[in-house]
Amino acid sequence: MQFDTPATMNPIDQLKVVGQPIHRIDGQLKTTGRATYAYEWHDPNMPYAYGYPLGAAIAKGRIKSMNVSAAKKALGVIAVVTALEVGERKKGKFNTAKLFGGDEIQHYHQAIAVVVAETFEQARAAAALVEVDYAEEEGVFDLTEAKEAAVRPDESQQPDSAAGDFDAAFRTAPITLDETYTTPDQSHAMMEPHASIAAWDGDELSVWTSSQMIDWWRSDLATTLDVEKEKIHLISPFIGGGFGGKLFLRADAVLAAFGAKAAKRPVKVALPRPFMMNNTTHRPATIQRIRIGAERNGKIIAIGHESWSGDLEGGQLETAVNQTRLLYAGANRMTAMRLARLDLPEGNAMRAPGEAPGMMALEIAIDEMAEKLGLDPVQFRLINDTQVDPEKPERRFSHRDLAGCLKLGSERFGWAARGRPGSKREGNWLIGFGVAAAFRNNLLLPSAARVRLAREGIVTVETDMTDIGTGSYTIIAQTAAEMMGVTVDKVAVRLGDSRFPVSAGSGGQFGGNCSTSGVYAACVKLREAIAQKLGFNSDDVVFEDGEVRSGNRSVPLSEAAGVEGLVGEDTIEWGKLSETYQQSTFGAHFVEVGVDVATGETRIRRMLAVCAAGRILNPITARSQVIGAMTMGAGGALSEELAVDTRRGFFVNHDLAGYEVPVHADIPHQDVIFLDETDVMSSPMKAKGIAELGLCGVSAAIANAVYNATGVRVRHYPITLDKLIGGLPDAA
């Protein structure tokens with residue numbers, strides 16, 4: 001199905017099932033422990049062995065030699081596979097760092113061997129016996145030092161944009177701001193580790209893994225192993241969190257495959273937590289300079305945003321200026337991004353890549369500018385709202401209600417009670433309010449599905465779409481139920497299998513809208529097949545209450561299926577609507593904090609998110625996504641930072657003891673409001689993404705609240721006690 005004209009009325013608009021607060025259909029499996037995650041697959045007829053990875057102890061250089069004789073003789077060891085033994089391997093399309101093979105070391109904890117044994121403990125003990133001789137080379141590990149040597153990447157990464165004459169407008173603006181902000185390296189820190197089980201049957205490979213993007217993994221695993229893609233079967237029905245860290249093939253799947261081949265039996269590999277920080281991907285640190293010039297009435301006339309980030313050779317930018325190109329009006333504009341070469345572990349997508357760290361800086365700058373102008377921060381944002389792409393005014397937004405989010409949020413939060421910086425106090429607690437806009441683009445990827453109707457009247461959906469805790473099972477079931485006129489309990493959803501049609505996958509907040517649109521397209525095909533079989537006119541047929549109706553005739557779905565059943569399969573393809581109209585999602589975050597006047601301890605007291613993101617397919621699962629994102633934003637503001645050892649080139653705090661994510665005690669009650677809207681330009685579902693919008697702007701809202709509480713402006717995340725305590729007022 002080609003979606004190239006705005007959506008009109010269709011069966012989804014009945015909203016009998018779609019849009020309703022239906023609890024997760026997979027919830028019982030997860031809460032009772034019956035949902036099978038990657039490392040938990042067990043077949044009593046398969047003699048599993050356990051693989052334990054060995055990581056490089058240097059950050060840059062080469063392996064001169066490896067002595068594995070002691071490891072091979074250790075108790076229970078079945079096989080040892082080394083990077084030298086497998087030799088150089090082609091790198092997958094979506095990998096920056098090579099995952100395994102050859103003698104080159106690109107980063108600390110790069111996988112260099114896997115030890116396979118009868119038990120996990122035996123494999124781990126034997127891995128410690130491997131002796132490695134390195135030729136270490138000097139690396140670059142500090143973004144601040146590497147900044148001056150940063151380069152402008154090729155145009156494929158769209159590093160620069162401009163409109164009008166920024167330099168002249170900024171130079172002559174009555175009121176100006178010129179500040180620099182920094183965000184640190186951050187870890188996905190999901191609960192479930194990267195884990196895989198690999199089993200060979202001749203030259204065919206089955207891998208049970210934890211993957212957000214089944215087809216991407218399958219293609220890159222085939223490249224790395226040098227086997228035909230069709231020979232690989234990937235299975236990933238349940239995923240214990242990903243946040244972008246499982247978008248791309250990781251070393252666990254590669255090591256399990258090599259280990260299983262050598263051991264001649266199925267092998268399980270789970271990356272230890274330190275490997276998850278240093279061996280896999282992370283959100284790269286940024287240095288961001290923001291300049292804003294405005295008229296005295298608050299109208300922005302010049303806005304410039306420059307960002308520097310780092311990655312391995314061949315890596316990608318952290319696109320922190322994306323939102324600045326679109327969020328606020330202003331005729332004279334410039335953005336620029338530069339990439340520094342760093343020999344740290346690979347930087348790559350983490351929840352809301354680009355906008356998440358970019359909004360952390362931009363939305364503080366907007367507050368600082370509002371203060372210079374003597375304007376309320378909400379009012380300043382409203383003054384500079386726009387309904388067109390500021391860089392291309394001829395291009396309108398498909399649907400944009402940032403103003404509605406800000407106004408409703410202000411009213412519900414009680415924004416009018418906000419005082420001057422440092423003016424509100426309850427005992428030892430300084431009280432502050434903060435606000436930030438939320439913004440994330442609406443991305444579209446093709447997505448396919450197959451829908452089967454069985455003679456029992458059961459509708460089964462098959463697609464390789466994944467569920468990373470987002471509720472994919474449920475919204476896909478709701479879509480099929482709405483389209484086929486049945487209740488959700490009559491729909492079976494099968495996900496995460498490479499033998500199913502290729503979906504958009506889970507990432508970039510495109511998964512929900514795109515995958516349900518693919519299911520919609522497949523259901524249209526199935527409806528047509530049913531109508532044709534029954535001799536109905538497909539244009540006026542009605543699917544309702546488990547029946548198919550046309551005119552005075554009604555047939556139960558089970559009867560329509562017949563003995564053999566019927567199948568519909570299709571792919572949603574996207575036309576040029578996303579080029580004609582700018583498609584984005586919007587919101588507003590409001591936060592109240594308390595800061596201890598003596599210690600600088602910051603406590604979040606209230607949080608509110610107001611979101612405008614098209615049709616909400618399920619308010620329960622959508623709210624869950626937003627409150628989870630708000631929690632991640634709290635961590636980004638106050639505690640999360642991968643500390644870089646700039647001498648040795650690795651992340652020092654590579655576990656959940658040293659990398660501090662928020663816990664229950666850190667997070668108060670969170671309110672979420674969804675504006676009642678649809679976007680006919682987005683998809684036949686008239687929905688857009690929500691999972692990452694809930695993160696964008698949260699950290700800045702907290703930072704702005706801390707400033708309002710204390711009068712201390714912190715521009716370098718995270719906002720830790722040492723950055724506050726010197727500027728706090730007297731405790732007395």
Side-chain angles (χ1 to χ4, degrees), residues 3-6 155-166 169-170 290-294 298-307 317 319-337 352-356 358-359 361-363 365-366 369 380-406 436-444 508-510 513 574-588 611-614 675 677-683 686 688-689 692-693 696-697:
F3 184 75
D4 50 14
T5 57
E155 286 302 318
S156 66
Q157 297 193 46
Q158 300 179 324
D160 297 344
S161 71
D165 188 339
F166 168 78
F170 182 76
I290 298 178
R291 288 175 284 172
I292 304 174
K299 284 281 188 181
I300 292 174
I301 56 175
I303 185 166
H305 192 167
E306 299 164 271
S307 177
L317 291 163
T319 53
V321 306
N322 278 358
Q323 71 292 320
T324 308
R325 295 173 174 175
L326 292 162
L327 190 49
Y328 296 114
N332 303 287
R333 325 174 60 83
M334 66 81 68
T335 67
M337 295 180 286
E355 285 96 332
M359 296 288 282
L362 176 65
E363 287 300 289
I366 290 293
M369 193 64 184
F380 181 49
R381 288 171 171 86
L382 291 171
I383 288 171
N384 291 286
D385 192 22
T386 175
Q387 289 298 314
V388 300
D389 178 343
E391 292 185 357
K392 304 170 185 174
E394 71 282 0
R395 188 172 182 239
R396 296 189 63 81
F397 283 94
S398 60
H399 188 85
R400 172 181 170 131
D401 197 5
L402 173 60
C405 295
L406 288 164
F439 174 93
R440 174 73 173 162
N441 273 327
N442 185 51
L443 308 178
L444 300 171
Q509 81 170 20
F510 50 69
N513 182 34
W574 308 102
K576 294 189 176 183
L577 284 177
S578 62
E579 299 174 17
T580 307
Y581 294 89
Q582 173 59 41
Q583 295 190 20
S584 304
T585 59
F586 300 89
C611 301
L675 297 192
E677 65 172 41
T678 58
D679 191 333
V680 298
M681 304 295 179
S682 175
S683 74
K686 302 172 187 173
K688 291 188 283 198
E692 299 182 344
L693 178 70
C696 299

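Keep in mind that this is a model prediction, so the values were computed, not measured. If you read the sequence from its start, that first residue is 1, and numbering goes on from there.
- Atoms CG and CD, from Asn442 and Gln582 in turn, are 9.0 Å apart once rounded to the nearest 0.5 Å.
- Residues meeting the side chain to side chain donor-acceptor pair (under 3.5 Å) test with Gln509, sequence neighbours left out: Thr585.
- Here Ser578 contributes atom OG and Met681 contributes atom CE; the two are 11.5 Å apart, rounded to the nearest 0.5 Å.
- Contact check for Asn513 versus Leu444: side-chain heavy atoms found under the 4.5 Å cut-off.
- Counting all heavy atoms, side chain and backbone alike, Ala612 lies closest to Leu675 at CB-CD1, 3.9 Å.
- Within the 3.5 Å criterion, the main-chain N or O of Ile300 finds a donor-acceptor partner in the side chain of Asn384.
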For this session: Show your working on side-chain contact (heavy atoms from CB on, under 4.5 Å) between Ile383 and Lys299 and close with a plain yes or no.
Result: CA-CA 7 Å; Ile383 288 171; Lys299 284 281 188 181; 4.1 Å; yes
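- A distance of 5.0 Å separates CD1 in Ile303 from CD1 in Ile366, rounded to the nearest 0.5 Å.
- Checking side-chain atoms of Arg395 against main-chain N and O of Glu579 turns up a donor-acceptor pair under 3.5 Å.
- Here Ala356 pairs with Arg283, Ala352, Leu695 under the side chain to side chain contact (heavy atoms under 4.5 Å, CB included) rule; sequence neighbours left out.
- Here Thr678 pairs with nothing under the side chain to side chain donor-acceptor pair (under 3.5 Å) rule; sequence neighbours left out.
- At a threshold of 4.5 Å between non-hydrogen side-chain atoms, the residues Leu327 and Glu363 count as touching.
- Evaluation of the ring pair (Phe, Tyr, Trp, His ring centres under 6.0 Å) rule for Phe380 yields no partner, not counting sequence neighbours.
- Although no hydrogens or angles enter the test, the distance criterion places a donor-acceptor pair under 3.5 Å between the side chain of Asp389 and the main chain of Glu391.
- One distance of note links CG of Leu443 with OG of Ser584; it measures 9.0 Å at 0.5 Å rounding.
- The side-chain heavy atoms of Met337 and Gln158, taken from C-beta on, include no pair separated by under 4.5 Å.
- Ile290 approaches Ala365 most closely through the heavy-atom pair CG2-CB, 3.8 Å.
- Summarising the geometry of Ala169 relative to Asn332, their closest heavy-atom pair is CB-ND2, 3.3 Å, with the distance given to 0.1 Å.
- At a threshold of 4.5 Å between non-hydrogen side-chain atoms, the residues Leu406 and Leu402 count as touching.
- Enclosure of atom CD in Glu677 by more than 12 non-hydrogen atoms of other residues, nucleotides or ligands within 6.0 angstrom is indicated.
- Residues Ala613 and Leu693 approach most closely at CB-CD2, 4.3 Å, considering heavy atoms.
- For the residue pair Ala320 and His305, the shortest heavy atom distance occurs at O-CE1, 3.4 Å.
- For the atom pair Cys611 SG and Arg440 CZ, the distance stands at 14.0 Å (nearest 0.5 Å).
- Side chain of Glu355 to backbone of Phe439: no donor-acceptor contact under 3.5 angstrom is found.
- Taking both residues in full, the closest heavy atoms of Ala436 and Arg381 are given as CA-NH2, 3.9 Å, listed atom of the first, atom of the second, then distance.
- Checked against side chain to side chain donor-acceptor pair (under 3.5 Å), Arg325 has the following partners two or more places apart in sequence or in another chain: Ser161, Thr335.
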Problem set entry | Criterion side-chain contact (heavy atoms from CB on, under 4.5 Å) on Leu326 and Asn441, from CA distance to verdict | CA-CA 9 Å; Leu326 292 162; Asn441 273 327; 3.7 Å; yes
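- Side-chain contact between Ser682 and Phe3: absent, with no pair of heavy atoms (C-beta onward) separated by less than 4.5 Å.
- How far CD1 of Ile292 is from CE of Met369: 6.0 Å, rounded to the nearest 0.5 Å.
- For the ring pair (Phe, Tyr, Trp, His ring centres under 6.0 Å) test, no residue two or more places apart in sequence or in another chain qualifies with Tyr328.
- Contact annotation: the side chain of Thr386 approaches that of Arg400 to within less than 4.5 Å [non-hydrogen atoms, C-beta and beyond].
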Problem set entry | Derivation of the side-chain contact (heavy atoms from CB on, under 4.5 Å) call for Phe166 and Arg291 | CA-CA 10 Å; Phe166 168 78; Arg291 288 175 284 172; 3.6 Å; yes
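- Side chains of Pro390 and Arg333 form a contact here, defined as non-hydrogen atoms less than 4.5 Å apart.
- Between Gln387 and Arg396, some side-chain heavy-atom pair lies under the 4.5 Å cut-off.
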Exercise. Please walk me through it: do Tyr581 and Phe397 pass ring pair (Phe, Tyr, Trp, His ring centres under 6.0 Å)?
Worked result: CA-CA 5 Å; Tyr581 294 89; Phe397 283 94; over 10 Å; no
